[in-house]
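Single-structure report; data block below.
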Amino acid sequence: MSSTSFQFKRYDLSEDRSLRAWSAADELLVSSSTETDLTSKTIGIYGDRFGYLSCNLSAYQPLVVTTNKSQELAITANLKANQLTETEFFHPSESLNNPLNVVFIKMPKSIDLFQLYLAHTSANSNDEVQVTCGFMTRHFTKSWIKIAEAYFEDVTQSRAVKKARVLSLKGKKKDVPSIELKSIAFNGQEYKQYGGVFSSNHIDYATQYFLQHVDVSSTPNTLLDLASGNGVIGSEIHKKCPDATVHLLDDSYLAVASAKLNVVGDKINHHYQGDVSNFESEMFDMIVSNPPFHFEHDINIQIPLTLFKGCHRILKSGGNFQLVGNTHLNYKVHLEKLFARVNILAQDEKFVVYQCVK
Ligand SMILES: C[S@@+](CC[C@H](N)C(=O)[O-])C[C@H]1O[C@@H](n2cnc3c(N)ncnc32)[C@H](O)[C@@H]1O
């Protein structure tokens, strides 16, 4: 079946149904896949955000390596909607059962994540593996070549088609760099995190601002750190409220795996989830968040707004939701539609900390 026969939707939390679920880089990856005979090859797919690659290559039963829960839900929904066989997912911290022969990578924005994909490919492939990485030309950075050359002898770049290109990698190297966990010292704790997790060199400045101003004087019994990343917000508040039951939730598998290294204890619960639908209504005394609004190369405020609606549902009456936002995002107008009271706890030219009471 040709790629044009399939229908794709994003199936994310955004209400804007006009947003496309693929780009010219995905199309170029699929058209370049026809240059190789894929019959009886083990194919790997990395970075397929909404399922365009998984659907188009479904006939070859590819091994699909994912990093996000919302990505897995979208791929499954698009496979189902196109009457294709559903697939299981692998994470880049797990080994594959079969060595890969051919790999397609939709280039991630994070350089660290690209390196993690190559390290995973390298450890889970035969020597002849061929890797094709698709990207929009405007996103190109020379660092990709440097990283690709650390893992492969032969790295070539295609000509542009509809402003997209591919990098082709061949000749797997034997001695390749190993992937180290990142470590960030903050407030007396070494926070560990996998490559590709939010803010890998320092604790994010919005998060630091939030932690200076968050108000925990109500001593919550049940606390949710929504979009927890490496878990720093949940961890720092847990130190102030050691008796609280703390839940940490993130859409990124690598974020949750990192938070599990940083926040441990009997009353700590980690969730690999891209929304709050798994929680009962009125479950939390307090929710804290530095919510996401960057998604790869896009800014999409609708996703945090949908998360805010969910926060209202799972918060107890009288409970409070505290969050930090970049000043220009002006979350206040949206929060005031949902919550009885919205206070500003702190504000400077870059960030605002809100306290919303249900
Ligand atoms: C701005 S970062 C904050 C991370 C961490 N709380 C901190 O302060 O360092 C936002 C986080 O939201 C996560 N995220 C993105 N979409 C999400 C969703 N739909 N549900 C939950 N988490 C999401 C990202 O993986 C990222 O870790």
Side-chain angles (χ1 to χ4, degrees), residues 1-34 43-60 62 64-87 89 103-111 113-114 117 132-141 144 157-167 196 198 227 251-253 274-275 291-307 309 329 334:
M1 198 185 280
S2 81
S3 60
T4 48
S5 321
F6 297 125
Q7 302 284 323
F8 295 97
K9 286 194 208 156
R10 290 167 73 109
Y11 295 103
D12 65 7
L13 296 183
S14 168
E15 283 164 14
D16 185 349
R17 296 285 159 242
S18 69
L19 294 171
R20 284 217 317 173
W22 74 98
S23 69
D26 294 297
E27 290 173 346
L28 189 56
L29 276 170
V30 169
S31 68
S32 61
S33 73
T34 59
I43 294 160
I45 296 178
Y46 293 74
D48 183 21
R49 182 65 189 85
F50 300 107
Y52 187 88
L53 303 175
S54 306
C55 287
N56 279 291
L57 297 170
S58 160
Y60 305 102
V64 182
V65 181
T66 51
T67 51
N68 286 70
K69 189 58 149 201
S70 57
Q71 176 190 17
E72 293 167 12
L73 295 178
I75 294 173
T76 301
N78 276 313
L79 284 168
K80 217 168 154 191
N82 288 296
Q83 282 97 47
L84 297 167
T85 313
E86 286 182 33
T87 183
F89 299 107
V103 170
F104 298 98
I105 297 179
K106 173 70 184 304
M107 203 61 108
K109 186 176 177 197
S110 160
I111 304 266
L113 194 52
F114 177 47
Y117 287 169
T132 312
C133 316
F135 59 93
M136 298 306 295
T137 303
R138 67 179 182 281
H139 299 144
F140 177 78
T141 144
W144 290 345
Q157 193 173 163
S158 75
R159 293 170 58 167
V161 180
K162 289 211 276 178
K163 298 185 180 162
R165 289 174 196 257
V166 293
L167 281 184
F198 176 74
D251 187 45
S252 153
Y253 180 83
D275 60 32
F293 63 97
H294 279 120
F295 302 90
E296 290 291 295
H297 298 282
D298 302 327
I299 286 184
N300 187 341
I301 191 176
Q302 292 203 349
I303 291 176
L305 296 187
T306 306
L307 290 171
K309 283 186 199 158
L329 295 174
H334 305 283

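For Ser158 (side chain) and Val166 (main-chain N/O), a donor-acceptor pair under 3.5 Å exists by modelled atom type.
When all heavy atoms of Asn82 and Gln7 are compared, the closest pair comes out as ND2-O, 2.8 Å. The two residues Thr87 and Pro62 make their nearest non-hydrogen contact at OG1-O, 4.0 Å. A pairwise comparison of heavy atoms in Pro291 and Ala227 identifies CA-CB, 4.5 Å as the closest pair. Taking every heavy atom of both residues into account, Gly274 and Leu13 meet most closely at O-CD1, 3.4 Å. Heavy-atom minimum distance, Tyr52 versus Ala21: CB-O, 4.5 Å. Between Pro108 and Tyr117, the shortest heavy-atom contact is CG-CE1, 3.7 Å.
One distance of note links CD of Gln71 with OG1 of Thr66; it measures 5.0 Å at 0.5 Å rounding. One distance of note links CH2 of Trp22 with SG of Cys55; it measures 11.0 Å at 0.5 Å rounding. From Leu167, atom CG reaches atom OG1 of Thr132 across 9.5 Å, with rounding to the nearest 0.5 Å. Expressed to the nearest 0.5 Å, how far OG of Ser33 lies from CD1 of Ile43 amounts to 8.0 Å. Put simply, CG on Asn78 and OG on Ser54 are 9.0 Å apart, with the number rounded to the nearest 0.5 Å. Note that NZ of Lys162 and CG of Leu28 are 9.5 Å apart. Values are rounded to the nearest 0.5 Å.
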Begin from the C-alpha positions of Asp12 and Phe295 and carry the test side-chain contact (heavy atoms from CB on, under 4.5 Å) through to its verdict.
CA-CA 11 Å; Asp12 65 7; Phe295 302 90; over 6 Å; no
Begin from the C-alpha positions of Thr306 and Asp275 and carry the test side-chain contact (heavy atoms from CB on, under 4.5 Å) through to its verdict.
CA-CA 9 Å; Thr306 306; Asp275 60 32; over 6 Å; no
side-chain contact (heavy atoms from CB on, under 4.5 Å) between Val30 and Leu53: does it pass, once the steps are laid out?
CA-CA 7 Å; Val30 169; Leu53 303 175; 3.8 Å; yes
Run Asn300 and Leu19 through side-chain contact (heavy atoms from CB on, under 4.5 Å) and show every step you take.
CA-CA 10 Å; Asn300 187 341; Leu19 294 171; 3.8 Å; yes
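Here Lys309 pairs with Glu15, Leu338 under the side chain to side chain contact (heavy atoms under 4.5 Å, CB included) rule; sequence neighbours left out. Asp48 pairs by the salt bridge (Lys or Arg N to Asp or Glu O under 4.0 Å) definition with nothing, not counting sequence neighbours. A search for salt bridge (Lys or Arg N to Asp or Glu O under 4.0 Å) contacts involving Arg165 returns nothing, not counting sequence neighbours. The side chain to side chain donor-acceptor pair (under 3.5 Å) test applied to Ser23 returns Asp26, not counting sequence neighbours. Applying the ring-ring contact (aromatic ring centres under 6.0 Å, His included) test to His297 and every residue at least two apart in sequence or in another chain returns His139. A search for side chain to side chain donor-acceptor pair (under 3.5 Å) contacts involving Gln302 returns Ser14, not counting sequence neighbours. Partners of Tyr253 according to the side chain to side chain donor-acceptor pair (under 3.5 Å) rule, which considers only residues two or more places apart in sequence or in another chain, are Glu94. Listed by chain and residue number, Asp251 satisfy the side chain to side chain donor-acceptor pair (under 3.5 Å) test with Asn68 (two or more places apart in sequence, or in another chain). Lys9 is linked by a salt bridge (Lys or Arg N to Asp or Glu O under 4.0 Å) to nothing, counting only residues two or more places apart in sequence or in another chain. Scanning for side chain to side chain contact (heavy atoms under 4.5 Å, CB included) contacts around Thr141 gives Ile111, Ser143, Trp144, with sequence neighbours left out. Residues satisfying the side chain to side chain contact (heavy atoms under 4.5 Å, CB included) criterion with Ala74, sequence neighbours excluded, are Tyr11, Phe50. Residues satisfying the side chain to side chain contact (heavy atoms under 4.5 Å, CB included) criterion with Lys80, sequence neighbours excluded, are Glu86.
Considering only heavy atoms from C-beta on, Asn56 comes within 4.5 Å of Phe8 through its side chain.
With respect to Glu296 and Arg49, no salt bridge is recorded, no charged nitrogen being found less than 4.0 Å from a carboxylate O.
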